[in-house]
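Shown next, in structure tokens, is the structure this report addresses.
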Amino acid sequence: MLQFIRDGESVLVRLTGELDHCCCQQVRRELDALIAQPGVKTLILDFSALQFMDSSGIGVMLGRYRLMRDKGGAMAVIHMNPLVTRIFRMAGLDRVIRNMDASPKGQNRKMPQEVPSR
């Protein structure tokens, strides 16, 4: 479900499939472990391969945003499909979590080829 790469203070994570009640606890644990690594200041979630997100996924997003904020870091998202974008906006997450696709700099950020999680 997760692929990630760390680049200095940033962690880029690609989520695949669905972010729903069935997998949220595992995703939460894996993201929390990445956030807890020393020196992580930016968490970027790549949703290019995410097909669906429910209210449990919204909770995961909001909780990771708070963790990053509390440690003085930042969180952003990239490559959301229209359905996930709609859910993201309806939940009001667009008011607190930056969508890097909205800026020209963010559009050039790509996930490296198949980097498996631990």
| Taking only residues two or more places apart in sequence or in another chain, which ones pass side-chain hydrogen bond (donor to acceptor under 3.5 Å, both in side chains) with Thr42? | none
| Heavy-atom closest pair, residues Pro38 and Arg6 | O-NH2, 2.8 Å
| Are the side chains of Leu43 and Val13 in touch, meaning some heavy atoms are under 4.5 Å apart? | yes
| query | Under a 4.5 Å cut-off applied to non-hydrogen side-chain atoms, are Ile35 and Met68 in contact? | reply | yes
| said: Which residues pass the side-chain hydrogen bond (donor to acceptor under 3.5 Å, both in side chains) test with Glu9, not counting sequence neighbours? | reply: none
| Which pair of heavy atoms, one from Ala91 and one from Ile58, lies closest together, and at what distance? | CB-CD1, 3.7 Å
| Tell me the salt bridge (charged side-chain N to carboxylate O under 4.0 Å, His left out) pairs involving residues 82-91, sequence neighbours left out? | none
| task | Can you spot which of Leu19, Leu12, Leu31 makes a side chain to side chain contact (heavy atoms under 4.5 Å, CB included) with Leu45? | result | Leu31
| said: One pair to check against side-chain contact (heavy atoms from CB on, under 4.5 Å): Glu18 and Leu50. What are the steps and the verdict? | reply: CA-CA 6 Å; Glu18 298 183 354; Leu50 189 72; 5.5 Å; no
| Tell me, do Met100 and Ile44 make a side-chain contact under 4.5 Å, heavy atoms counted? | yes
| Excluding sequence neighbours, so at least two apart, what forms side chain to side chain contact (heavy atoms under 4.5 Å, CB included) with Arg29? | Gln25, Gln26
| note | Rounded to the nearest 0.5 Å, the CG atom of Asp46 sits from the CG atom of Leu2 at a distance of 11.5 Å
| Within residues 69-81 or reaching into it, pairs that qualify as salt bridge (charged side-chain N to carboxylate O under 4.0 Å, His left out) - sequence neighbours excluded | none
| request: Please collect all salt bridge (charged side-chain N to carboxylate O under 4.0 Å, His left out) contacts where either partner lies in residues 53-66, sequence neighbours excluded, each pair once. | output: Asp32-Arg64
| Taking it one step at a time, do Asp20 and Ser56 satisfy side-chain contact (heavy atoms from CB on, under 4.5 Å)? | CA-CA 5 Å; Asp20 59 16; Ser56 300; 5.7 Å; no
| query | Heavy atoms, side chains only, cut-off 4.5 Å: are Phe4 and Glu30 in contact? | reply | no
| message | According to side chain to side chain contact (heavy atoms under 4.5 Å, CB included), who are the partners of Gln51, at least two apart in sequence or on a separate chain? | response | none
| So, Asn81 side chain and Val84 main chain: donor-acceptor pair closer than 3.5 Å or not? | yes
| query | Does some side-chain heavy atom of Ser10 sit less than 4.5 Å from a side-chain heavy atom of Lys41? | reply | no
| Does any non-hydrogen side-chain atom of Val27 lie less than 4.5 Å from one of Leu15? | yes
| said: According to side chain to side chain contact (heavy atoms under 4.5 Å, CB included), who are the partners of Ala74, at least two apart in sequence or on a separate chain? | reply: none
| message | Name the residue from Ile97, Leu93, Leu67 that meets the side chain to side chain contact (heavy atoms under 4.5 Å, CB included) definition with Met75. | response | Ile97
| Looking only at heavy atoms, what is the nearest atom pair of Ile87 and Met53, with distance? | CD1-O, 3.0 Å
| request: Compare all side-chain heavy atoms of Ile78 with those of Phe47 and state whether any distance is below 4.5 angstrom. | output: no
